Amino acid sequence: MAKAIAEARKAEEKAEVPIGCVIVRDGRIIARAHNLRESRQDPAAHAELLAIRKAARGLASWRLLDTTLYVTLEPCLMCMGAIILARIPRVVFGCFDPKAGAAGSLYDLSNDARLNHRLELLHGVRGDECSCLLSGFFAALRRQRRI
């Protein structure tokens with residue numbers, strides 16, 4: 001999770017929402033990314049999607065079996081959809097997203113029997129640190145807008 005937090009800090013340096021993601025296989029990072037929605041003006045440039053694409057290219061396979069995805073914020077519906085389609089078996093995230101989360105907050109796609117893939121979730125890993133990073137970013141953004 002430390003590497004995902006480092007990715008989130010890279011996003012923050014670019015005035016992006018500080019969310020970072022790494023994908024690990026056999027104990028080594030095979031992909032890392034951070035949010036780039038503002039930089040790319042791309043609504044799909046979420047950290048998870050960017051990391052999934054890098055991992056698939058690196059493994060030359062869309063099936064990311066035997067991997068673990070670490071992300072600082074609970075994945076949204078779009079990202080959980082991609083995680084499920086990529087067959088990622090395990091997701092570890094820092095803090096919940098009560099407004100858009102699809103891994104326990106608003107929805108839980110991880111264990112939906114109607115889908116063809118289920119995955120293991122672990123939440124709260126360095127959750128306070130991840131939450132503080134996000135709330136600090138948005139507090140600074142609100143302060144800047146008042147000037």
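All values derive from a computational prediction rather than experimental measurement.
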Just wondering, do [Y] and [X] contact through their side chains at under 4.5 Å, heavy atoms?
| X | Y | answer |
| --- | --- | --- |
| Pro75 | Val91 | yes |
| Ile23 | Ile52 | yes |
| His123 | Glu74 | no |
| Ile5 | Arg126 | yes |
| Thr72 | Phe93 | no |
| Ser110 | Arg118 | no |
| Leu64 | Leu59 | yes |
| Lys3 | Glu7 | no |

Is a salt bridge present between [X] and [Y], judged by a nitrogen-to-oxygen distance below 4.0 Å?
| X | Y | result |
| --- | --- | --- |
| Arg114 | Asp112 | yes |
| Arg9 | Glu129 | yes |
| Glu13 | Lys10 | no |

Group every Ile, Leu, Val, Met, Phe, Trp and Tyr by side-chain heavy-atom contacts under 4.5 Å, then state whether [X] and [Y] land in the same group.
| X | Y | value |
| --- | --- | --- |
| Met78 | Ile84 | no |
| Val71 | Leu119 | yes |
| Phe137 | Met1 | no |
| Met80 | Leu115 | yes |
| Leu65 | Trp62 | no |

Output the distance between atom [atom1] ([X]) and atom [atom2] ([Y]), rounded to the nearest 0.5 Å.
| X | Y | atom1 | atom2 | value |
| --- | --- | --- | --- | --- |
| Leu109 | Cys79 | CG | SG | 11.5 Å |
| Cys21 | Leu73 | SG | CG | 11.0 Å |
| Glu120 | Leu122 | CD | CG | 7.0 Å |
| Arg25 | Thr68 | CZ | OG1 | 11.0 Å |

Distance-minimising heavy-atom pair for [X] and [Y]:
| X | Y | answer |
| --- | --- | --- |
| Ala44 | Leu49 | O-CD1, 3.1 Å |
| Ala103 | Leu121 | O-CD1, 3.4 Å |
| Arg87 | Asn116 | NH2-ND2, 3.2 Å |
| Ala47 | Ala33 | O-CB, 3.5 Å |
| Cys130 | Gly94 | SG-CA, 3.8 Å |
| Ile88 | His117 | O-NE2, 2.9 Å |

(message) Under the criterion side chain to side chain contact (heavy atoms under 4.5 Å, CB included), I'd like the reasoning laid out for Cys95 against Leu134: C-alpha separation, chi angles, the key distance, then a yes or no.
(response) CA-CA 10 Å; Cys95 57; Leu134 285 159; 3.8 Å; yes
Counting only N and O atoms by type, is there a donor-acceptor contact under 3.5 Å from the side chain of [X] to the main-chain atoms of [Y]?
| X | Y | result |
| --- | --- | --- |
| Lys54 | Arg32 | yes |
| Ser135 | Ser131 | yes |
| Gln41 | Glu38 | yes |
| Glu16 | Ser39 | yes |
| Arg90 | Thr67 | no |

